[in-house]
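Counting from 1, the numbers follow the sequence of the chain as shown.
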Amino acid sequence: MTSLKGRDIISIRDLSKEEIELILSEADKMLPIAEGRETSEILRGKILATLFFEPSTRTRLSFETAMLRLGGGVIGFSTTEGTSVMKGESLSDTIKVVEGYADVIVIRHPYEGSAKLAAEVSAKPVINGGDGAGQHPTQTLLDLYTMKREAGGIDDKIIVLLGDLKYGRTVHSLSYALALFNTEIRLVSPPSLKMPEEIIRDLKELGAKVKEYTSLKEAIRGADILYVTRIQKERFPDPTEYIKVAGSYRIDLTILRDVKESLIIMHPLPRVDEIAPDVDKTKHAKYFIQSFYGVPVRMAILKLILVG
Ligand code: CP
């Protein structure tokens, strides 16, 4: 029997397909509570610490909403300003202190591997809320949930991943998860922002159908899901390299003329200029409901980790 009780979630690869499906079905049960139509006290007395060393709107606030909706409490910080990190406290010391204050820790940090380090020093479960260009596993779980609810499932879908596939942690995590399902993955990016070769190799070894495209028009032909990402400006070592690719792709009404009626457009958000605002009112746009689904999915994760 699958159990996530007491577990860390650092990479989507920590989870089996069965465990992913358990989280998604638990999220279905959480939906009425997430919408405020029902109440729950299942996590009463439990405390979540949100340690955000990098900016966030959705991940931090939806985790906090998830905990509060289930009757738990929240502590944490959204910036290191005002914390002892400014005095030079190390990440491992910060974690060792916070584990004494909370039952579960969510961490976002600019450096890849930081969540893994936190999990190694913490006796309490640690959830990766995004580590540099590494992984963002709970985003992947809400992405899969969105596909399940808004695209009618995950299996047998053609999914286009568009944008910054080099630095985008959401597409790194998501592509590994999609490889567990029967999907076709089409990759489209500016040439300098291609999916890392080692990830493509891993995906193929996992048996995924994955193909790189140079033409977005060609890639979205017959696709069921278009997953758009912004260019991760903050990860570029050289700002002039960012300027070269900024604004190099944009989804607008013209490009949507030739897509499947049922195509859904997803985006982890925030968006900059890669989806024109007038796409928002089309039936294809699912990115705002996607960000809401972060609440029931994170409720499910917290419940399964803290209660089982
Ligand atoms: N999708 C996502 O991680 O958004 P935030 O950076 O606002 O948390």
For the hydrophobic clusters of this structure (ILVMFWY residues joined by side-chain heavy atoms under 4.5 Å, transitively), does one cluster hold both Val188 and Ile264?
->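 No, Val188 does not connect to Ile264 through the hydrophobic network.
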
Consider only side-chain heavy atoms of I, L, V, M, F, W and Y, link residues closer than 4.5 Å, and tell whether Val295 and Val307 are in one cluster.
->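 Same cluster: Val295 reaches Val307 through Ile, Leu, Val, Met, Phe, Trp or Tyr contacts under 4.5 Å.
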
Would you check if there is a donor-acceptor pair between the side chains of [Y] and [X] at a distance under 3.5 Å?
{"X": "Asp155", "Y": "Asn182", "answer": "no"}
{"X": "Thr170", "Y": "Gln139", "answer": "no"}
{"X": "Glu274", "Y": "His267", "answer": "yes"}
{"X": "Asp143", "Y": "Tyr293", "answer": "no"}
{"X": "His136", "Y": "Arg108", "answer": "yes"}
{"X": "Arg298", "Y": "Ser62", "answer": "yes"}
{"X": "Tyr176", "Y": "Asp202", "answer": "yes"}

List, by chain and then residue number, the residues other than Val272 in its hydrophobic cluster (Ile/Leu/Val/Met/Phe/Trp/Tyr, side-chain heavy atoms under 4.5 Å); write none if there are no others.
->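 Its cluster mates, by chain and number: none.
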
Give me the other members of the hydrophobic cluster that Ile107 sits in, counting Ile, Leu, Val, Met, Phe, Trp and Tyr linked by side-chain heavy atoms under 4.5 Å, directly or via other members.
->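 Listed partners: Ile10, Leu51, Phe53, Phe77, Val85, Leu91, Ile95, Val98, Ile105, Leu117, Val121, Val126.
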
Are any side-chain N or O atoms of [X] and backbone N or O atoms of [Y], one a donor and one an acceptor, separated by less than 3.5 Å?
{"X": "Asn128", "Y": "Ala115", "result": "no"}
{"X": "His109", "Y": "Ser114", "result": "no"}
{"X": "Thr59", "Y": "Ser56", "result": "no"}
{"X": "Ser78", "Y": "Phe52", "result": "no"}
{"X": "Ser122", "Y": "Ala119", "result": "no"}
{"X": "Gln135", "Y": "Ile12", "result": "yes"}
{"X": "Arg230", "Y": "Leu269", "result": "no"}
{"X": "Thr80", "Y": "Thr83", "result": "no"}
{"X": "Lys194", "Y": "Leu165", "result": "no"}
{"X": "Arg257", "Y": "Leu253", "result": "no"}

Do [X] and [Y] have side chains that approach each other closer than 4.5 Å (heavy atoms only, starting at C-beta)?
{"X": "Val160", "Y": "Leu226", "result": "yes"}
{"X": "Leu162", "Y": "Ile220", "result": "no"}
{"X": "Lys166", "Y": "Met195", "result": "no"}
{"X": "Leu4", "Y": "Leu15", "result": "yes"}
{"X": "Ser84", "Y": "Thr94", "result": "no"}
{"X": "Lys260", "Y": "Arg221", "result": "no"}
{"X": "Thr138", "Y": "Val297", "result": "no"}
{"X": "Ile127", "Y": "Leu302", "result": "yes"}

Looking at [Y] and [X], is there a salt bridge between them, counting it only when a charged N and a carboxylate O are closer than 4.0 Å?
{"X": "Arg201", "Y": "Glu197", "result": "no"}
{"X": "Arg169", "Y": "Glu112", "result": "no"}
{"X": "Asp280", "Y": "Arg271", "result": "yes"}
{"X": "Arg37", "Y": "Glu35", "result": "yes"}
{"X": "Lys17", "Y": "Glu19", "result": "no"}
{"X": "Arg149", "Y": "Asp28", "result": "yes"}
{"X": "Arg235", "Y": "Glu54", "result": "yes"}

For atom [atom1] of [X], decide whether the heavy atoms of other residues, nucleotides or ligands shown that lie under 6.0 angstrom number more than 12.
{"X": "Lys5", "atom1": "NZ", "result": "no"}
{"X": "Glu205", "atom1": "CD", "result": "yes"}
{"X": "Lys148", "atom1": "NZ", "result": "yes"}

Identify the two heavy atoms, one from [X] and one from [Y], that lie closest to each other, and give their separation to 0.1 Å.
{"X": "Glu21", "Y": "Phe181", "value": "OE2-CE2, 3.8 Å"}
{"X": "Arg13", "Y": "Leu206", "value": "NH2-CD1, 4.2 Å"}
{"X": "Lys244", "Y": "Glu241", "value": "NZ-OE2, 2.9 Å"}
{"X": "Leu178", "Y": "Ile154", "value": "CD2-CG2, 4.0 Å"}
{"X": "Gly163", "Y": "Pro190", "value": "O-CD, 3.5 Å"}
{"X": "Gly222", "Y": "Ile158", "value": "O-CD1, 3.7 Å"}

Aromatic Phe236 / basic Lys233 pairing, under 6.0 angstrom, 45° off normal =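 Because its charged atom misses either the 6.0 Å distance or the 45° angle limit, Lys233 does not stack over Phe236.
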
Nearest 0.5 Å, what's the [atom1]-[atom2] distance between [X] and [Y]?
{"X": "Met147", "Y": "Thr183", "atom1": "CE", "atom2": "OG1", "result": "8.5 Å"}
{"X": "Ile265", "Y": "Lys283", "atom1": "CD1", "atom2": "NZ", "result": "10.0 Å"}
{"X": "Ile225", "Y": "Glu150", "atom1": "CD1", "atom2": "CD", "result": "10.5 Å"}
{"X": "Thr229", "Y": "Tyr167", "atom1": "OG1", "atom2": "OH", "result": "13.5 Å"}
{"X": "Ile305", "Y": "Leu48", "atom1": "CD1", "atom2": "CG", "result": "10.0 Å"}

Taking salt bridge (charged side-chain N to carboxylate O under 4.0 Å, His left out) as the test, write out the residues that go with Lys46, two or more places apart.
->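 Listed in chain order: nothing, the list is empty.
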
